[in-house]
Structures are given as C-alpha cells and as structure tokens.
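In the text below, chain A, chain B and the rest are named by the order of the sequence lines, each starting its count at 1.
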Amino acid sequence: MSEKELPKAYDPKAVEEKWYGFWTAKNYFHADETAGGASFSMVIPPPNVTGSLHIGHALNNTLQDILARWMRMSGRNALWVPGTDHAGIATQNVVERQLAQEHINRDALGREQFIAKVWEWKKEYGGKIIGQQKRLGASCDWERERFTMDEGLSRAVREVFVRLYEEGLIYRGERLINWCPRCHTALSDIEVEHEDEKGKLYHIAYPLSHDHNIRLTVATTRPETMLGDTAVAVHPLDPRYKELIGKMIDLPLTTRQIPIIGDSVLVDLEFGTGAVKVTPAHDFNDYEAGQRQLPNLPRIKILDDKAAILSEIPDALPDVLKHIAGKPARKARGMVVELLQEQGYLIKTEDHSHSIGKCYRCKSVVEPYLSPQWFVKMQPLAEPAIKVVEEGRVRFVPKGWENTYFDWMRNIKDWCISRQIWWGHRIPAWYCDDCNAITVSRSDATSCAKCGGKNIRQETDVLDTWFSSALWPFSTLGWPDKTKELSVYYPTSVLITSFDIIFFWVARMIMMGLHFMKEVPFKDVYIHALVRDAEGQKMSKSKGNVIDPLVMIDQYGTDAFRFTLTAFAAQGRDVKLSPERIEGYRNFANKIWNASRFVMMNLEAEFSPNAELVVQHTSLADHWILSRLNSITKDVQAALVEYRFNDAASTLYQFIWHEYCDWYLEFSKPALYLDKGTPARTAAQTVLVHVLETALRLLHPIMPFITEEIWQTLPEGVRSRKSGVRSESIMIAAYPVADEKRIKPEIEQDMQMVMDSILALRNIRGEMNIAPSLQITAVVKGETEEICRHLEKSAGYVKTLARVSELRIGVNETKPRTSATAVIKGAQIYVPLEGVLDLTQERDRLQKEIAKISKDIEVFSRKLSNRDFVDKAPKAVVEKDTAKLEEFRVKREKLEQSLKLLG
RNA sequence: GGGCGGAUAGCUCAGCUGGGAGAGCACAGCCCUUACAAGGCUGGGGUCACAGGUUCGAUCCCUGUUCCGCCUACCA
C-alpha cells in the first residue's frame, strides 16, 4: 500500500504545540504595515490581567481567529492586535487579597509600594491568559501586544484627558455617585448591578410641628437614613395632604424641623402612604428632587465612606448617636426601627421586595454617596456616535443590538471617571494650595498654571479602567502620534464582543474614536452569544458550573473545542455548552484524520496529480464531488462574509463527513483498487486528494491544527500554490474560491438517483434482515431508456455499495415473484427474496407504506380539488403538486401490486 | 414599570422572501465490510406553546394569552 502512514487516531497533543511554534517561528502572525494591499484589522477585547481564559474568551477569540485566518488566506493584510487591560479595581482587589494572606495592609504599605507590588504581580501572573490564548491557536500579532498601562497607552490617556478638559468636556464637582464601601471608590452607573431583594417597608409617623396630634405617615425601606431627611414630599394634587405643603414637620429622633414639599415625580399617588421622606445625601431620587424643588435644600450626610453611621449628625439626639454611631447602615436599620417603635413612631411593617445595587466587582451593596468626583460630559460625545449607527457607518450584527445601544445613548448620563483607588492612570490634575486653582497637564506639573506657585499636589484619584479601554482601537496603533499603522489599519474592520459590554466599551469606543480620530473605530460590531452551561445557566464559580476551556482542550484537543464553539455560535442565541458536544466534534476531527489516512494509503509516494487524465477519465462520482465541493465553497464564503459562523461550520461538517467520507470515498474505492498507473486510478486519486486538500483549506480557520498537520503530509504536488510557489504552510495558502462552472445541478441529480437506489436497496436489506455479508440480486425497472442507460453506467456503484452480485436494469423488466419492492424517482427496484425472505415482515412493511402514502394522496387530492388553490396559487406550484400526486398514485399502485404478488 | 429574545422530535437546536416538517445527540436493530467501533448501515419518534385573524394555503405574517430567559429603570 503506502509508504506514508499516519497514526490510527488523531492525537492533538502531539501536533498543536509543534505547529504553533512553527507558525510563530515563521512570523506568519505578524502584519506588516508597509506591505500594502487591502487591509483587514481587529483589536482584541483586552482581557483583564487578572483573568484566566474562560469560556467566553474562548468563544470570542475563536471567532476572531477564524476571521483573521480566513482574511489572511484570502490575501488581505490582516492584523489582529492583542493585549490586556489593567482592570483597576479588579486587579487592586486581587493583589490586596494576596497581601492580606501575608498580613500586609495596603494602607500600611503606602501608595508607591503598593503599586510596585501590583506591577510585580502583573509581571508574574499577567501573562497567563496570553499563554492560554496561544493554546487556543490565536493568530494575534504578538509583536504588537499592548497593555492599557504601558507607556504609549498612558500617553494616549493623558492626551485625551487634557484635551477633553480643555474642551470643557471633563469637569470636577460634588455629586451624588455610586459608592462601593468595600472597594472604597466611586463607580459609574453601569458598574452597579441590580438585584431583587426581599425587604421591609416601614411606615413611620412624623408629627407636624404646629400640632403634634397630626402625624404624617411616610413609608420607607431604609429607615436608618431618616437622620439625613431634610424634607417630606407629598403629591401636589393629593387631596389628603396638599393643604400641608409648606408646613413644617418634626423629624423623630432629632431636634430637626423639616418642610413638607410637593413633588409629582417623587411621589406616586398609588403607592405606600402617599408621603415620602426626602434624604438628598443618600438617595438619587431625593437628590434630584432637591435640586428640582429647592436648590438650597440641605444635604445631610449620615454615612461615612465605609457606609457606617457618622458620629456627628446635625440635630440628631445625642442618645441616638451614642447608640448607633459607627454601626454599618444595615445594622443601624434595625436599631433605628427599635427606637422608633419604643417611642411610638412606627406604625407598621410590611414585606416588600425591591432591587438594590451591588458593586460589579465585589458584590457589596453600593451606597449613593455625596463626594467630589471627575466627570465626562457625555451628551456632546453621544450625539455623533448615535448618528454613525443610524447611518450604518457602524453596523451591529445582529442588528437588534442597535436598539440596546440607542436606548442607552439617548438617555446617557455624565460618566463618573474618578476612582479612589491606586492602581490605574492617575488623573493628571494638580491642586494649588495657594490659589485653589486646578492645573491639568500632559506632563507632570511642577507649578500652578494660574499663580505659578509651587505648592501643588497631584490628584490622588485614578481613572476608570474603561477610560483607557475606550481608546483601545487607536491607542494600540500608536496614537497620538501619526503612525503608518493608524493610516493602514484604522478604522478597524470589525469588533467582536459580547453584549454585556456594549455600554462599558463599545459605545465609549465609538464616541472616543469619532471625537479624536474623526472616524469610526470599526465598521462592524459582531455581538456574539453568551456561553451558558447545558441547563442554560450563566457560568459562575459560585454555581460550580464553570467549564474550563483548558481542561476541554487537554481532553479533546483545541480544534474540536474551537469547532464546537463555532458550531453553536448561532446569531442571537446563547450557547449552551456541555462536554458531550465537544466529544462529538472530537469524533469529527478523528473522522477527518482517518479519511486522510485512507487517501494517503492510496497514494504512491511519487504520486503527482494529473489534470489531463482527470479530464479524460472523470467518473460521475468525481464530477459530483467536485460540484458539491464548489457549491459548499460558495456557501462557506457567504456564511463567513455575513458572520454566520455556525453555518460555515455545519456546512463543512456535513460536506466532509456525509458527502466526502460517507459517499465519495466509497464510490472511489473500485477505481483505487485498480492497478498502479491505470489512468482511471490516477484520475480518482487526483480528485480524491484535490477535494481533501481544498476542504482542509476551507476548514483551516476553524480547525487550524489538524488541517496543518494533515496538509503537511500531503504529497508536494497537490498542496496549493500561491503565485506559482508552493506554500510552506496551509495558513498562508490561498483560501478556496468557488469555481461556478463546476457546480452542475444535473450531475448532482444523476448522482442522487444512484444514491437513492443504494439507499433503497440498503433499506430492503435492513428491513428484511438480510445478512450484510449476503450478496443479493436486484432488478431495476426504469421508466425511460435514458434512466436505464444512466443506471447501467452507474451499476458499479450500486453493486459495490449495496452488495449486489447480479443487477438487471431495463424498461421491460418485471417484478420477480416474491420480491421486495422499493420505489424511487424514475424507477422501481425489486429484490427477489427466495432463500432470504421473511414474508410476514415484508407484508407488514408494504402495508405500512401504503397507509402512509394514502395519507399523502388524500392531503394532495383535497388540496388540488380546491378551486381557489388551483386558480390563485402560482402555476408552478400547482403543476408541481399535480405531478407529485400522480407520482404518489403510481407508487401506491406499485406497492399494492407488490403486496398482491407476495401472496 | 419599559424593552428584547425564546417556546419545533426524549435533549440541544436549524428552518432564508408563507407552498407536502429537518439536523446532531440520545434511543432501537443489524454489522469488527482491509480509513475510522471516537466507526458503518437501517429504523422508530413531532396537533411546530395556546386562542383568534389575514390567505386558496400559516411553523413562518398580524393580534391576544400563558410560560421561560435576559437587558433596563429615579418600584419610597
């Protein structure tokens, strides 16, 4: 047989590292900005340095790698920029925890030392995820790997900050913001996750100042904040209370008297008691209502930065504070309620569920907190960003996500960008102790820009991590310098990401890209699904349902894992993943492996394809598989263009397994068993290996490793060439392009008839329990001479694949006595059963089939006797159905005859 | 409260602009046939969530209902 033999089963471990090393050594992943040609570019969503590759990254990176490899093979100057995000709060938390184990406290360490520790940590662990992306096969240009805190990107951050400040789009002010008492920092609105919680609604009576016998009952879920109440609101149209507006009320537990105000936004007539306590320092609604109604309404803070009750609150009774000062808000709640009850102010308590905000990093309850922060004015930036999506200059795929984007963008609020942590880009602003002016500067300031004084100190806050991510598409390409990279690769071609960071990242990139580059950052945004477990649950460590990509890769191989993710990445659907699925595609990899092994076994070492021989000796099966190959090449290309990754995957799966392996390899066997050098054999070999080689190239973007491994073992002459030069790797070979002339529907139809005949005969064998080893006789009655001639030519296929020793074909053939019958389009097939038959079973089968077809006939007759249908439906449809009905009738007649003949 | 998506075979899902319901897995039967048992061949299995409407005809379009996800919100 052959000199070249592959191992019997595909072993991913043995090949993956080898080829990844090869590709890297050859520098294939590197994109050359001076190379010219049409470019294709993407930036990776930078994973957190703290992260390790989870299944979401794996899907995200796989899809990008498919595009990168496909585009590269298609001749584009393809760049995929990798990198990591410093992930301010997340990383600081991780390092703090690590230090805590060594009993080191952040504050004791000091800012400088702590940051040094984080860098140390980053150096040691920050590269972990990069290594994992490499195991996934990611073809990123690693020479261009960036980090959001590296020198160049930090420069971009400062440039952006200063320019926005100078344009008046960044400002500092005291506002009510979301505060995480655990991380000890401000958060932006979208960094707060809302969760439903079962709580209580407390009804508390506030006595009117001028007459203690009249009491107004307010309802609240947070009684402890009442110490910060500075008003009570009622609806201005509420007949119960409108007389009271403007009157004063005594705030229980304090000596404070506060006004009753009317506010139609704050108060819902239908809810609670119709009266609301107003705590502007600790509630967003109340803060806004205060600004709306009484700009001078005092804001009394009652919680400190750890969400504990302050020890000094204006007008609070001393005994109250002695009691609860220093207690966390939640604990204080019960104590306040107790006090109110003792003093007769608590009217009642009822169950009530409402949503509370939690920190997206540490899940602590977030407090509205009054503090000075830095903000970006968003509306001027949002408007052009809305426009480009409306105009289609940025296209979301699937389109539905555009609504999500618009909703948020049209109601956008100013972005709180300051964080009270240490790890991140320190805000380049300096406060002057002499004149209080703020100096904002690209380089570290040494004196006050206003008074020239040297008494300045830098802002201690750092920027929100997402501030630097927003610049990613251009900062990674060298901005603010005018680089060749920017001119070649910006705007990038497509961004691949998941929906949960549309606000955090996608929207902000569009805004910043438009503002600073005057051009969109990417033309398409492909939003992929979220990966869930087999039960549809979000994967999380606490649920214990996490599938570790690295474990899957170890177990089933990278290619099988990648293929699984691709196959399930249907647009707009969540991916439900389970190891069994990966196993299924591991089997696919093995199938490809063995098919290749078969091909190789049937090639001489010195084999070289012979195109001329193919022209002269091409069989029907050859034409057929070539037609199918070109047809699916077209489909795969079309699917990739439209980001229908799953369609590309299933098309290839279907073709390789069920057309190439199941049928074509079997068809080719007779020719392959001819003597060496026989023209028909050489022709078959040529087609066999050509289709394999093309299919491997089509599949390479999804399954890079196995395709390279097999491709490299193919004989020299059959590996595709690029401009006449044999490619030294499949990853730089040309991506197949369909040759439309080779797609021949009539050939596919002819082949279908052959396959139908084989299926029919197999079916008879199966149903009649004819031993597989037993050769049978088959009689075919074709409806026309043409059909008979065609089947006669293909008799070899039928004989081999259906194990038929004697095959009689003709228009005048008749049904032999006691034979099984099968009807296919254009012919009847009979198998004499003498010696092998089970009459009862066969009778059952025929009766069943007659019943089935009778039902079809009934349906169609009814349809065709409907005058409306015949008159109004398109002619072609009516004709088609009429023909079908006739076909069914003939078929039924044949079946009934067979049944009779069977006796 | 607002919005989006889903409901098709036991399971997971395809079904493009309406024209006799599909795949994979699982299941059952038969096969170690010289590429592959991680395999081959064959088979069973569905009122397309429910109720209306449009149409000659609806899994597909429209309306409503129920259930399930998710996003979003200033639900004291």
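Considering only side-chain atoms of A/H352, the nucleotide from B/U42, B/A76, B/G19 that sits closest is B/A76. Side-chain proximity of A/F598 to B/U12, B/A35, B/U72: nearest is B/A35. With B/A76, B/G43, B/A38 as the choices, the nucleotide that has an atom nearest any side-chain atom of A/T221 turns out to be B/A76. For A/F499, whose side chain is taken as the heavy atoms from C-beta onward, the closest listed nucleotide among B/A38, B/C71, B/A35 is B/C71.
Within 4.0 Å of A/F271, counting heavy atoms only, lies at least one base atom of the nucleic acid. Note on A/A771: nothing from the nucleic acid sits closer than 4.0 angstrom, heavy atoms only. Among the protein residues, A/L759 comes within range of the sugar-phosphate backbone only, with heavy atoms under 4.0 Å from sugar or phosphate atoms but none that close to a base. Among the heavy atoms of the strands lying under 4.0 Å from A/K884 is at least one base atom, whether or not backbone atoms are also near. Within 4.0 Å of A/N590, counting heavy atoms only, lies at least one base atom of the nucleic acid. Across all strands shown, A/S355 has heavy atoms under 4.0 Å from base atoms, whether or not it also approaches the sugar-phosphate. If you check every strand for non-hydrogen atoms under 4.0 Å, A/D268 touches a base. Looking at heavy-atom distances under 4.0 Å, A/D856 makes contact with a base. Looking at heavy-atom distances under 4.0 Å, A/R762 makes contact with sugar-phosphate atoms alone, never a base. Using a 4.0 Å heavy-atom cutoff across all strands shown, A/F888 reaches at least one base atom of the nucleic acid. Contact annotation for A/G357: no contact, since no heavy-atom pair falls under 4.0 Å across all strands. Residue contacts shown for A/E666 include a base, since a base heavy atom lies under 4.0 Å away.
A 3.5 Å limit on both hydrogen-bonding distances identifies no Watson-Crick or G-U partner for B/G46. Searching all strands for a Watson-Crick or G-U wobble partner of B/A58 with both distances below 3.5 Å returns nothing. Of all nucleotides present, only B/U63 satisfies the Watson-Crick or G-U wobble test against B/A51, with each distance under 3.5 Å. B/A73: no Watson-Crick or G-U partner with both key distances under 3.5 Å is found in any strand. When both pairing distances are held under 3.5 Å, B/U12 makes a Watson-Crick or G-U pair with B/A23. Summarising the base pairing, B/G5 is matched to B/C68 through a Watson-Crick or G-U wobble pair whose two defining distances lie under 3.5 Å.
Ion pair A/D238/A/R240 flagged as a salt bridge, since at least one NZ, NE, NH1 or NH2 atom sits closer than 4.0 Å to an Asp/Glu carboxylate oxygen. With respect to the salt-bridge test (charged N to carboxylate O, under 4.0 angstrom), the residues A/R222 and A/E224 qualify.
What separates OH of A/Y673 from P of B/U33 is a distance of 13 Å, to the nearest Å. For the pair A/Y664 OH and B/C36 P, the interatomic distance rounds to 19 Å; values are reported in whole Å. The CD1 atom of A/I261 sits 16 Å away from the P atom of B/A76 (whole-angstrom rounding). The CG-C1' distance, from A/D407 to B/G1, rounds to 14 Å in whole Å. In this structure, CG of A/N594 is placed 15 Å from P of B/U33, rounded to the nearest angstrom. Between A/I502 atom CD1 and B/C4 atom P the separation is 15 Å, expressed in whole Å. B/A23 atom C1' lies 12 Å from atom CG of A/D647, rounded to whole Å. If you measure from atom NZ of A/K852 to atom P of B/G46, you get 11 Å, rounded to the nearest angstrom.
Regarding contacts with the backbone of B/G57, every side-chain N or O of A/N866 stays at 4.0 angstrom or more from both OP1 and OP2. Within the 4.0 Å cut-off from OP1 or OP2 of B/G40, at least one side-chain nitrogen or oxygen of A/K591 is found. OP1 or OP2 of B/A35 has at least one side-chain nitrogen or oxygen of A/K669 nearer than 4.0 Å. For A/K863, no side-chain nitrogen or oxygen approaches OP1 or OP2 of B/G19 to under 4.0 Å. Regarding contacts with the backbone of B/G40, a side-chain N or O of A/W657 is found under 4.0 angstrom from either OP1 or OP2. OP1 or OP2 of B/G39 lies within a sub-4.0 Å distance of a side-chain N or O belonging to A/N587.
If you look at A/F271 and A/H352, their ring centroids are closer than 6.0 Å. For A/F396 and A/W401, the gap between ring centers reaches or exceeds 6.0 Å.
Judged by distance alone, the side chain of A/R765 and the main-chain N or O of A/L774 form a donor-acceptor pair under 3.5 Å. Not a single donor-acceptor pair under 3.5 Å links the side chain of A/Y241 to the backbone N or O of A/I260. No donor-acceptor pair closer than 3.5 Å links the side chain of A/D286 to the backbone N or O of A/H282.
Taking the nucleotide of RNA chain B with the nearest heavy atom to each of A/A595 and A/T220, the more 5' of the two is matched to A/A595. Comparing A/V267 and A/F588 along RNA chain B, the residue whose closest nucleotide (by nearest heavy atom) sits nearer the 5' end is A/F588.
When the P atom is used for both B/G40 and B/A35, the distance is 13 Å, rounded to whole Å. Nucleotides B/C31 and B/G22 place their C1' atoms 27 Å apart, quoted to the nearest Å. The gap from the P atom of B/C61 to that of B/U8 amounts to 16 Å, rounded to the nearest Å. Rounded to a whole angstrom, the distance from the P atom of B/C50 to that of B/G10 is 14 Å. Taking atom P on both B/G6 and B/U42, the two are 35 Å apart, rounded to the nearest angstrom. Comparing the same atom, P, in B/U55 and in B/G18 gives a spacing of 16 Å after rounding to whole Å. Taking atom C1' on both nucleotides, B/G24 is separated from B/C70 by 26 Å, rounded to a whole Å. With both ends at atom P, the span from B/U59 to B/G53 equals 15 Å, rounded to whole Å.
Of the residues A/E195, A/E367, A/E197, the one that meets the salt bridge (Lys or Arg N to Asp or Glu O under 4.0 Å) test with A/K358 is A/E195.
The cationic atom of A/K591 (NZ for Lys, CZ for Arg) does not lie both less than 6.0 Å from the six-membered ring centre of A/F588 and within 45° of the ring axis.
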